[in-house]
Protein chains: 2
Amino acid sequence: MQTTWILLLVSLGVSTLAGAEKGLEFPRYDGKDRVLDINEKNYRKALKKYDMLCLFYHTPLPTAKELQKQLQMAELVLEVREDKTRVNVWCLHEEGSVYVFKEDRVIEFDGLLAADTLVEFLLDLLEDPVEIIDNALELRAFDRMEEDIKLIGFFKSRDSEHYLAFQEAAEQFQPFINFFATFEKSVAKELTLKMNEVDFYEPFMEEPVTIPDKPHSEEELVAFISEHRRPTLRKLRAEDMFETWEDDLNGIHIVAFAEEEDPDGFEFLEILKEVARDNTHNPDLSIVWIDPDNFPLLIPYWEKTFKVDLFRPQIGVVNVTDADSVWLEIPDDDELPSPEELENWIEDVLSGTVNTEDDDDDDDEDDDDDDDDDE
Amino acid sequence: MQTTWILLLVSLGVSTLAGAEKGLEFPRYDGKDRVLDINEKNYRKALKKYDMLCLFYHTPLPTAKELQKQLQMAELVLEVREDKTRVNVWCLHEEGSVYVFKEDRVIEFDGLLAADTLVEFLLDLLEDPVEIIDNALELRAFDRMEEDIKLIGFFKSRDSEHYLAFQEAAEQFQPFINFFATFEKSVAKELTLKMNEVDFYEPFMEEPVTIPDKPHSEEELVAFISEHRRPTLRKLRAEDMFETWEDDLNGIHIVAFAEEEDPDGFEFLEILKEVARDNTHNPDLSIVWIDPDNFPLLIPYWEKTFKVDLFRPQIGVVNVTDADSVWLEIPDDDELPSPEELENWIEDVLSGTVNTEDDDDDDDEDDDDDDDDDE
């Protein structure tokens, strides 16, 4: 098998874009069929044989062939790694989702079914569940990560039973939640962490929450994280975009579009963070921030569906059952809403004063009425 | 035509992944053929008719069909925008590259031929060539952008002839180089910019270079930027990865792999930046930084070709004609090279003491000899 994988990689090296110099040959689907159908016999065997196993279920859509190709690209990339990482990907056709079996865990991949997104997801599952912070420079790397949930603990050593419990908990949430640990007094001091103490950082919050009653068992850590998992402000990520979208509050999402790379978008995002920090204790509030730069192929779909200009910052309420939506009037990039104005609007949303149903004489979720604005 | 585009979008809305709620339907290739062959007649007409025109040339590869689908996906996304932005994409089969015709400019897209990368590239071409910085918060957004070349100028108003020259120059480099301007004294003061002065920021450099002899004509700006365009340290970007790779120095690239999101990777990158800052006046030095997270599908290819572990920071010399390479020995993540050690190694590379030819009894560019390490 190894040899076929190697031949495979070479054949990929050949089927590259004209003009590219050596060193950047982009692997492409080579037409070989690598989809293996799993039955009750080889299923158990496979689970035993591989540290990690990825199952793809989908209904035969018009696009199934394309999805298959993307998946096969992913398989192929992972097969090439197997000699090193003992990963393999198997595919089985059913229900439209991907499950990864790793040791005793089953992890659902509920993200964008694109080869690069899936491969990145699987590679993240191969990294150590806990990153170790050794010095001030690495601590800066830790500080910079504000978009995802992160935890950091201070432990005596890698052999400490409390570190091992922390590591076990980390495995339960890999690759969605980032776990860090330090064994260095100097780093712990910077973070004001006591021995065996664990801090929990909600995305975009400056101050962490210290998990009470240290030291913690794996179960205590898992329970705390599960309870505090839904943040006040979260960024839509390709690797779990559908999971996030399905995690709505009473059938709606408060959605903010802002390009972080764009000065207006950045400014709006800063205002949004301020609002999120002021309201972090409100369990009914969870804002989904979407950076259009991360989803270029969705931009026209969103602009049509929500009737907003994504070249500018936007915030609105979206009804997830019909994609009906209402958006805050932002007259001009130069006068973005103040945190107060934004907070008032959000209160109106949560109280129902602003809702998606009041304008339902025209029907927003499909584009029947778009001919007029396109004439 | 408009109506067909709308029907099209609706049909896309339907062919979505099972399980997804409303609001995240991902557009997919719908099987319709939209490739238009251009001949000498409709070519001129098309150039007149559309503000922007994108031509795709490629040789019929085994993967041509897949490339086509990606391109058609891109077209489709852009066609949907046309009512608003007057963009259209046409495809013509030849030589493996993409050219965008915008007004009197021809821009080569020499990046990753993926729908999202191409669409983002084209959308960037539709934005204003100059971003305006109005306040301190937007200035922070400007400060944060260190990965790409950026310029900022202080002008009296949008009508100033010098601003107009700056804008003309910006169009020449869009979307590769970021141009900013401010009309606010307070912002200019922060940047220590005098009226009509323009600062040029090389990637990853803390201090800008003030372009001499203000005020500047479009030609003066273009000349200065063209001369200073190749940076000491640059990040490989999907949108111009092949162009960057082809811009080698004497047939080699100094390549550094570092995951910015990983503490060790971040630490290594900080050391690399320090070295780049100390050597920014050396015209023979240009380091290509690759963040493996941005190219998950290339990771196994690079690991095979270069025989390095990309889960850890790496720096090496790559011969672009045969992908032969030599890598700096980094014994352990906990003892990354110091800036001095890195500088000495780079000097050895530039002097030829470290080179890719000394080990050429074994032949690195294809994977003939990989059976052993895979046995």
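Every chain is numbered from 1 and lettered A, B, ... according to where its sequence line falls, protein lines coming before strand lines.
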(request) Enter the distance from A:D116:CG to B:L112:CG here, rounded to the nearest 0.5 Å. (result)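 Here the rounded value is 8.5 Å.
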(request) To the nearest 0.5 Å, tell me how far B:E267 CD sits from A:I133 CD1. (result)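 Here the rounded value is 9.5 Å.
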(request) For chain B, find which of A:L139, A:I271, A:N135 contributes the most heavy-atom pairs closer than 4.5 angstrom. (result)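 Result: the option with the highest number of such pairs is A:N135.
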(message) Using heavy-atom distances under 4.5 Å, tell me whether A:E243 contacts chain B through its side chain, its backbone, both, or neither.
(response)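 Neither part, no heavy atoms under 4.5 Å.
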(request) Against chain B, label A:E147 side chain, backbone, both or neither, depending on which of its atoms sit under 4.5 Å from a heavy atom there. (result)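 Neither the backbone nor the side chain of A:E147 comes within 4.5 Å of chain B.
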Taking all non-hydrogen atoms of both residues into account, name the closest pair between [X] and [Y] and its distance.
{"X": "A:E138", "Y": "B:D264", "answer": "OE2-OD1, 2.8 Å"}
{"X": "A:M145", "Y": "B:E261", "answer": "CE-O, 2.6 Å"}
{"X": "A:L126", "Y": "B:F311", "answer": "CB-CZ, 4.4 Å"}
{"X": "B:P263", "Y": "A:E131", "answer": "CD-OE1, 3.6 Å"}

(request) Considering only NZ, NE, NH1 and NH2 on the basic side and carboxylate oxygens on the acidic side, decide whether B:R140 and A:E270 come within less than 4.0 Å. (result)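 A:E270 and B:R140: salt-bridged.
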(message) If I measure from the heavy atoms of chain A, does B:L236 come under 4.5 Å with its side chain, its backbone, both, or neither?
(response)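 Answer is side chain: those atoms of B:L236 sit under 4.5 Å from chain A.
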